[in-house]
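Computed from heavy atoms alone, side chains included, the values below leave out hydrogens, waters and symmetry copies. We count residues from 1, following the sequence as given.
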Amino acid sequence: MKKLLIILAFSLCFAAAASAQSRALGGRFGYGVELSYQHYLSPDIFLEADLGLDLIGKGGFKATAIYDWELAHPDWTDQGEWTVYAGPGATLGVVSNGGGKDGGFMLGICGQLGVEYTFTFPLAISLDVRPQFGYHFGDGGVYSGGLYGFIPTLGVRYRF
C-alpha cells in the first residue's frame with residue numbers, strides 16, 4: 001500500500017511539473033470526504049485525483065483517479081463559467097463493503113458525471129456522481145459500497 005501511495009504522489013508531482021496549465025485543489029463532500037486535485041492536460045481534458053475517507057458502513061480509505069472530458073459549456077449566466085464533464089477512472093482502497101461488513105482491500109473502475117461552476121474569482125464548485133464497481137478482497141465479492149457513488153457529491157476547489 002505504501003508503494004502505491006508513493007507512486008500516486010510521484011505521478012501527481014510529475015503531472016503538475018509537466019505543464020503550466022490550469023490546476024485546482026480542494027475537497028469533495030458527500031458519502032465521504034476527499035482531498036481533490038485537478039490538472040488540465042488540454043483546454044477540454046483534465047485529470048482528477050482524489051484521496052479520502054469513505055464514510056460508508058465502518059468506513060475506510062480510498063484513492064481515485066479520473067480522466068475527464070468537458071462535454072459542454074452552457075451559457076446559463078453572464079458571469080462565471082459552467083462546465084459539464086464526464087469520464088472513466090479507477091479506484092482502490094481499504095474499505096468496508098457497505099452495510100458495516102468487514103473491511104478489506106478493494107480495486108475497481110468508476111465513472112464520473114458532473115457540472116461545475118467557476119466564479120469570476122479563482123473558486124469552483126461542482127456537483128457530480130461517481131458510481132464504482134469492483135472487487136472487494138475482504139469478503140471475496142463484488143464491492144457493493146460503490147453504489148453509494150450515485151449520491152451527489154459537492155466539490156469546492158481553488159483554481160490556480
Student: Please list, one pair per line, the donor and acceptor atoms closer than 3.5 Å that link side chains of residues 105-125 to other protein atoms, with sequence neighbours excluded.
Tutor:
residue : atom : partner : partner atom : Å
Gln112  : OE1  : Arg130  : NE           : 2.8
Gln112  : OE1  : Arg130  : NH2          : 2.6
Gln112  : NE2  : Glu48   : OE1          : 3.1
Gln112  : NE2  : Asp68   : OD2          : 3.1
Glu116  : OE1  : Arg159  : NH2          : 2.6
Glu116  : OE2  : Arg159  : NH2          : 3.4
Tyr117  : OH   : Gln79   : O            : 2.9

Student: From Arg28 CZ over to Ser126 OG, what is the distance, rounded to the nearest 0.5 angstrom?
Tutor: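 Spacing of CZ (Arg28) from OG (Ser126) equals 7.0 Å.
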Student: Look at the aromatic rings of Tyr37 and His39 and report parallel, tilted or perpendicular, splitting at 30° and 60°.
Tutor: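 The arrangement is parallel - the two ring planes meet at less than 30°.
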Student: Indicate whether the side chain of Ser36 and that of Asp50 have a donor and an acceptor atom separated by less than 3.5 Å.
Tutor: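 Present: a donor and an acceptor within the cut-off.
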Student: Take Phe61 and Asp54 through the side-chain contact (heavy atoms from CB on, under 4.5 Å) test and state the conclusion after the steps.
Tutor: CA-CA 6 Å; Phe61 176 79; Asp54 190 9; over 6 Å; no
Student: Are Leu154 and Val84 co-members of a hydrophobic cluster defined by side-chain heavy atoms under 4.5 Å apart?
Tutor: yes
Student: Can we call the ring centroids of Phe137 and Tyr135 under 6.0 Å apart?
Tutor: yes
Student: Phe46: what forms a ring pair (Phe, Tyr, Trp, His ring centres under 6.0 Å) with it, not counting sequence neighbours?
Tutor: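 For Phe46 the ring pair (Phe, Tyr, Trp, His ring centres under 6.0 Å) partners, ignoring immediate neighbours, are Tyr40, Tyr85.
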Student: Crowded around Tyr31 OH? As in, over 12 foreign heavy atoms under 6.0 Å?
Tutor: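 More than 12 heavy atoms, drawn from other residues, nucleotides or ligands, come within 6.0 Å of this atom.
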Student: Drop me the distance from Thr64's OG1 to Leu51's CG, to the nearest 0.5 angstrom.
Tutor: 8.0 Å
Student: With a 4.5 Å limit on heavy-atom distance, are the side chains of Pro131 and Leu147 in contact?
Tutor: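 No. Closest side-chain heavy atoms not under 4.5 Å.
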Student: Heavy-atom distance under 4.5 Å between the side chains of Phe133 and Ser144, does that happen here?
Tutor: no
Student: Let's go through Phe29 and Thr153 carefully: what are the C-alpha distance in whole Å and the side-chain angles of both, what is the deciding distance for side-chain contact (heavy atoms from CB on, under 4.5 Å) to 0.1 Å, and is it a yes or a no?
Tutor: CA-CA 6 Å; Phe29 312 95; Thr153 301; 5.6 Å; no
Student: Tell me the closest heavy-atom pair linking Val129 and Phe150, and the distance in Å.
Tutor: CG1-O, 3.5 Å
Student: Between Val95 and Lys62, does a side-chain contact (heavy atoms from CB on, under 4.5 Å) hold up when you go through it step by step?
Tutor: CA-CA 7 Å; Val95 295; Lys62 270 199 247 186; 3.8 Å; yes
Student: Run the side-chain contact (heavy atoms from CB on, under 4.5 Å) test on Asp44 and His73 for me, step by step, so that the C-alpha distance in whole Å, both residues' side-chain angles and the decisive distance to 0.1 Å come before the verdict.
Tutor: CA-CA 10 Å; Asp44 292 334; His73 293 277; 3.8 Å; yes
Student: Identify the two heavy atoms, one from Gly32 and one from Leu55, that lie closest to each other, and give their separation to 0.1 Å.
Tutor: CA-CG, 3.9 Å
